[in-house]
Protein chains: 2
Amino acid sequence: MTLACDTGLRAAADAIAELMHRHGAQTRYGKDEEIFAQEDPADSVRLVISGAVRTTRLLGDGRRQVGAFYFPGELLLETGSVHRFSAEALCDATLLTVRASAIQATAGDRQLDRAIWEATRRELERTQDHVLTLGRKTACERVASFLIGLAQRGGADRVSMPMSRQDVADYLGLTIETVSRMLTQLQSASVVEFDGYRNFTVKRWDALENLAA
Amino acid sequence: MTLACDTGLRAAADAIAELMHRHGAQTRYGKDEEIFAQEDPADSVRLVISGAVRTTRLLGDGRRQVGAFYFPGELLLETGSVHRFSAEALCDATLLTVRASAIQATAGDRQLDRAIWEATRRELERTQDHVLTLGRKTACERVASFLIGLAQRGGADRVSMPMSRQDVADYLGLTIETVSRMLTQLQSASVVEFDGYRNFTVKRWDALENLAA
DNA sequence: CGCTGGATTGAGTCCGGTCAAGCCTTGTGG
DNA sequence: CCACAAGGCTTGACCGGACTCAATCCAGCG
């Protein structure tokens, strides 16, 4: 578990994927099915195989904040002993779950430590970016940043957006109406083009990146 | 070093404090002096001895987001190879700095790994709370949450608030005017009482916690 | 087809931002 | 020790971006 330096990172990622496939149990979840709940004991690491997942927290009066979205190949891990978020499947999804005890049983494997460390580090960096977005960006900039994030992770030209407008709103600290208006606006400006509610293509990358600030 | 109460955690915290005192170089920084800059190589871990520190990020057009504040006993570590934030002293401050290479030289010390891991875990959790605050809380709730955080870390009855209104605003995603109005409001409601700009006492804890949501 | 629930669109409101004085501490120099 | 300057903080008036409420649209599905 070392701070800097990227050598061996790929190997670490492979190590955990391999370990998870060896020790993990594969589970299918239906749309909106709960994967774990807030306050549940956090004793597992999960790898998304297919589909997508959101993590959420609730405020006493029902206000909801989406913490993050997870796509295939990404690790869903909570670092404490109790879940601070709940997690639900955005759409039908398959996850590979490994109990922390199984991981500890292989303790001494530095590559594994390394992989979990790297996942946590990435999570922290993503969360820090999220703070900047929520703290200092306008509605339009938030939506643009969000679309960029999706498009970058998607890889393909036509980007799939499996979450609802409500999920996007709760992720960006906005309302569904505002999200909808901004998407319409971006489309009118020919920056992106939607086909259906859940798929879009980036038409003008430079414009989108400018709008994201 | 005030990490939680887990077994061995205290020991881990002590381990890093001890290591830092053994290998670290103590440096003094004046008010607003830069400790490290965004984009600088991140090759050190720092322990705050006295004073306080803020980390900040800038958007292209000058909008500023404060990532976090660090007080004595807290570790200031950036997990990647390059700083994603800059750090400045809030007031005159003393820090103990250890190069990552010195830490790697003692690799094999699991307690040390553990301490850095715990610090990162805490950082992630604090950042996640920050996201909830920025995404879903009102101005008043944000300020109340912030005061609670300060008061809890301070310990004493009379809480010191070493950062400026601008720092608070940039931390909470508000303007100095709004922060000021909320503080006035909380004081009018006898929830807190300020003496001077930089010190306050919590008068009604229950009310403050209610207001923080 | 018609139903249903999510998404869009519109009108009006309000919270927090902006702009502009004015105040208060703190610090400096006489 | 006081006077004064300067910068940070507060307060007020006004504005505007995002929220609220409500009507309508439309894609997906039975």
Side-chain angles (χ1 to χ4, degrees), chain A residues 30-32 54 59 61-66 90-92 133-147 160-189 192-200 211 213, chain B residues 30-32 54 59 61-66 90-92 133-147 160-189 192-200 211 213:
Chain A
K31 183 172 157 59
D32 291 324
R54 70 167 170 262
L59 235 36
D61 60 359
R63 279 174 286 179
R64 194 180 74 143
Q65 177 67 46
V66 169
L90 277 180
C91 49
D92 290 359
T133 297
L134 297 180
R136 284 297 176 223
K137 291 190 186 177
T138 65
C140 183
E141 291 166 344
R142 294 183 202 192
V143 172
S145 306
F146 178 70
L147 294 184
S160 136
M161 195 171 96
M163 65 289 288
S164 71
R165 298 295 189 264
Q166 187 65 62
D167 290 330
V168 177
D170 288 343
Y171 178 74
L172 296 177
L174 301 170
T175 58
I176 45 172
E177 293 94 333
T178 301
V179 169
S180 181
R181 277 184 249 270
M182 294 306 130
L183 289 176
T184 304
Q185 194 174 303
L186 287 173
Q187 196 164 214
S188 307
V192 296
E193 186 171 280
F194 271 78
D195 76 285
Y197 294 142
R198 303 294 175 92
N199 290 286
F200 69 92
L211 285 168
Chain B
K31 181 172 158 59
D32 292 323
R54 70 166 170 263
L59 236 36
D61 59 0
R63 280 175 286 179
R64 193 180 74 142
Q65 177 67 46
V66 169
L90 277 180
C91 48
D92 289 359
T133 297
L134 297 180
R136 284 300 176 221
K137 291 191 186 176
T138 64
C140 183
E141 291 167 343
R142 294 183 202 193
V143 172
S145 306
F146 178 70
L147 294 183
S160 135
M161 194 170 96
M163 64 290 289
S164 70
R165 298 295 189 264
Q166 187 66 62
D167 289 331
V168 178
D170 288 342
Y171 178 74
L172 296 177
L174 301 169
T175 59
I176 46 173
E177 293 94 332
T178 300
V179 169
S180 181
R181 277 184 249 270
M182 295 304 131
L183 290 175
T184 304
Q185 193 174 303
L186 287 172
Q187 195 163 216
S188 308
V192 297
E193 189 171 279
F194 271 79
D195 75 284
Y197 294 142
R198 303 293 176 93
N199 291 285
F200 69 92
L211 285 168

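As a basis for the values below, the full set of heavy atoms in this structure was taken, side chains included, without hydrogen atoms, waters or symmetry mates. Model, not experiment: these values are computed from the prediction. Lettering of chains follows the sequences in order, A, B, ..., and the numbering in each one begins at 1.
Between the CZ atom of A:Arg63 and the P atom of D:dT20 there is a distance of 10 Å, given to the nearest Å. Atoms CZ (B:Arg136) and P (D:dA18) sit 13 Å apart, rounded to a whole Å. In this structure, B:Glu141 atom CD and C:dG16 atom P are separated by 9 Å, rounded to whole Å. Spacing between atom CD1 of A:Ile176 and atom P of C:dG5 amounts to 15 Å, rounded to whole angstrom units. Computed from coordinates, the A:Lys31 NZ to D:dC29 P distance equals 10 Å when rounded to whole Å. Regarding A:Met182, its CE atom lies at a distance of 8 Å from the C1' atom of D:dA18, rounded to whole Å. Atom-to-atom, CD of A:Gln187 to P of C:dT9 comes out at 9 Å; the value is rounded to the nearest Å. Between the P atom of D:dC25 and the OH atom of A:Tyr197 lies a distance of 12 Å, rounded to the nearest Å.
Here the SG atom belonging to A:Cys140 is positioned 5.0 Å from the CG atom belonging to A:Leu186, to the nearest 0.5 angstrom. Between B:Leu183 atom CG and B:Met161 atom CE the span is 5.5 Å, to the nearest 0.5 Å. Here B:Asn199 contributes atom CG and B:Phe194 contributes atom CZ; the two are 8.5 Å apart, rounded to the nearest 0.5 Å.
Note on A:Thr175: a side-chain N or O is less than 4.0 Å away from OP1 or OP2 of D:dC19. Using a 4.0 Å cut-off, no side-chain N or O of A:Arg198 falls inside it from OP1 or OP2 of D:dA27. The phosphate of D:dC9 (OP1 or OP2) has no side-chain N or O of B:Ser180 nearer than 4.0 angstrom. Taking only side-chain nitrogens and oxygens, B:Thr178 never comes nearer than 4.0 Å to OP1 or OP2 of C:dG16. B:Thr184 has a side-chain polar atom (N or O) that falls below the 4.0 Å cut-off from OP1 or OP2 of D:dT11.
No hydrogens or angles were tested; on distance alone, nothing pairs the side chain of B:Arg165 with the base of C:dT25 as donor and acceptor under 3.5 Å. With hydrogens and angles ignored, a donor-acceptor pair closer than 3.5 Å exists between the side chain of B:Arg181 and the base of D:dG12. Counting distance only, with no hydrogens placed and no angle test, the side-chain atoms of A:Glu177 and the base atoms of D:dC21 include a donor-acceptor pair under 3.5 Å.
Under a 4.0 Å N-O distance rule, the pair A:Arg54/A:Asp167 qualifies as a salt bridge. Salt bridge present: A:Arg136 and B:Asp170 bring a charged side-chain N and a carboxylate O closer than 4.0 Å.
Each of A:Val179 and B:Gln166 was matched to the nucleotide of DNA chain D holding its nearest heavy atom; the match closer to the 5' end belongs to B:Gln166. The residue among A:Gly196 and A:Cys140 whose nearest nucleotide of DNA chain D is located toward the 5' end is A:Cys140.
Using a 4.0 Å heavy-atom cutoff across all strands shown, A:Leu183 reaches no nucleic acid atom at all.
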